[in-house]
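For ligands, and for the atoms within them, numbers begin at 1 and follow the listed sequence. Please read all numbers here as calculations on a predicted model, not as lab measurements.
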Amino acid sequence: MNPKTFKIKSFGCQMNVYDGDRMAELLTARGMSAAADGEDAELVVLNTCHIREKAAEKAYSDVGRLRREDGSKPLIALAGCVAQAEGAEARRRSPMIDIVVGPQAYHRLPEMVAEAVRGARPVDTDMPAISKFDAFPDRRRANPSSFLTVQEGCDKFCTYCVVPYTRGAEISRPLSDIVAEAHALVDGGAREIVLLGQNVNAWTDGDRGLAHLIRALARIDGLERIRYTTSHPADMTDELIAAHGEVEKLMPYLHLPVQSGSNRILKAMNRSHTVETYLATLEKMRAARPDVALSGDFIVGFPGETDEDFQATLNIVDAVRYASAYSFKYSARPGTPAATMEDQIPREIMDDRLQRLQARIDEHQLAFNRSKTGIDTKVLIERKGRHEGQMIGRSPWLQSVHIDTDAEPGDMLEVTLIAAGDRSMAGAVRQKVAA
Ligand code: SAM
Ligand code: SF4
């Protein structure tokens, strides 16, 4: 019998969250319903991440934990990038897995569930030419801030990264499809749309780039905020930077990963930018939008990284004064060129560097938050806070803002930012902005 209830657990990047939502819509359209919190779902989809070893190992330990006390188990689908990378091998490692479905094939999930119920053990890790997006039902319910994938895959082949192998070559969705999905999201309650792509600023519709798409979306009534992530420094065009100064709905925030502050390491990583070209891009961005909040990604302990290289990374953090940033210990991924490079860095050194880097990033984040104290701004309410009567929303600079208010998710409030922490701000309501 086909399962009636499902649970989807997404790990890793925002694109997985988007994919997870779309799988839920597909299953719902076939008459299944999401299991309530705490309820034992009949189908569990683990939508996995392969970017670092820890994330990939987690997928297998999560599968093991799905065995119930009486020895039975739900139907288990392994989805996402671990499924793509391991294919049929995944079931050899864990025979509890019934379905293996890669990120470009999950539009076939309902049929694969039916096959599994009939006793088959389907595996689909194809990257077909026809787009999975065409197979989805129209979107209905949307979050106040909703993700919309516009670009997938990557042709850049940084030497540490699995994405070009798990997500395939760069593809862009057509402009008309994206605009139609954005309208559906706004009709379903979204007031902010976050455009997603592994290299979102590589989006193109022939001759036109992401700035054109953003300008097209900004014309949608009821859509108030536009963001995009993650960008690659090589695709940060002047046109896109100019849009930050001109399109009011485009939020003053840019996530632009640099990975390292050392040109020697950037070269070994096969990043196409240098520290100097990266900083020049940020300078242009600050000229176009002086209040922009800058964010980035860093990897510490890339093979061959010396103390001097690491110091250069701390230096770039100080030069940019990031409003926030993500930092990771280098994780050797099978099949990537960096995995077999000499001079792999010992774990203790990586731990120490990561701690020092994170402490430096935190200092700048706190300084950025403090610089916004006393400012009047708009906050889009997203969810309930931990305390009774407290709600959490986002400022234009993507800060989490905690507010005592009876407002609902989706409300836009005029707020004074009254206090700064290193991870969030406190705000006081001035008034609600009409929808
Ligand atoms: N395309 C984006 C770019 O080039 O900046 C980043 C997308 S990647 C999915 C997200 C982040 O994961 C990267 O920016 C990088 O910092 C981190 N990452 C990727 N591979 C990694 C690895 N092997 N070890 C540690 N961190 C890694
Ligand atoms: Fe990975 Fe980003 Fe490099 Fe592509 S550009 S290989 S996604 S880190």
Could you grab the protein N, O or S atoms closer than 2.8 Å to atom 1 (Fe) of ligand 2 for me?
Cys161 SG
Do you know which of Lys372, Gln365, Arg370 makes side-chain contact (heavy atoms from CB on, under 4.5 Å) with Phe368?
Lys372
When Val200 is tested against each of Thr149, Thr230, Val150 for side-chain contact (heavy atoms from CB on, under 4.5 Å), which residue passes?
Val150
Phe6: ring-ring contact (aromatic ring centres under 6.0 Å, His included) partners, not counting sequence neighbours:
none
Across all chains, not counting sequence neighbours, the ring-ring contact (aromatic ring centres under 6.0 Å, His included) partners of Tyr330 are Phe302
Minimum heavy-atom distance between Cys49 and Asn16, given as atom pair plus value
N-ND2, 4.2 Å
For ligand 1, give me the residues whose heavy-atom distance to it is below 4.0 Å, by chain and number please.
Ile51, Arg52, Tyr160, Val163, Gln198, Asn199, Thr230, His232, Pro257, Gln259, Arg271, Asp297, Ile299, Phe328, Lys329, Tyr330, Ser331, Arg333
For Ser262 and Val275, run side chain to side chain contact (heavy atoms under 4.5 Å, CB included): C-alpha distance rounded to whole Å, both residues' side-chain angles, the deciding distance at 0.1 Å, then the answer.
CA-CA 7 Å; Ser262 155; Val275 169; over 6 Å; no
Using 30° and 60° as the class limits, which term best fits the ring planes of Phe157 and Tyr165: parallel, tilted or perpendicular?
perpendicular
Under-4.0 Å salt bridge between Glu305 and Arg353:
yes
Rounded distance [0.5 Å steps], CG in Leu213 versus CG in Leu175:
5.5 Å
Within reach of ligand 2, part of Asn199 (heavy-atom separation under 4.0 Å):
side chain
Proximity flag Arg271 to ligand 2, non-hydrogen atoms under 4.0 Å
yes
Any donor and acceptor pair, going by atom type alone, linking the side chain of Thr166 with main-chain N or O of Ala85 inside 3.5 Å?
no
Before you tell me yes or no, could you show the steps for Val194 and Glu192 under side chain to side chain contact (heavy atoms under 4.5 Å, CB included), namely the whole-Å CA-CA distance, both residues' side-chain angles and the distance that decides it to 0.1 Å?
CA-CA 7 Å; Val194 185; Glu192 170 175 292; 3.8 Å; yes
Could you tell me the residue and atom name of the protein heavy atom closest to atom 5 (S) of ligand 2, and the distance to it rounded to 0.1 Å?
His232 CD2, 3.4 Å
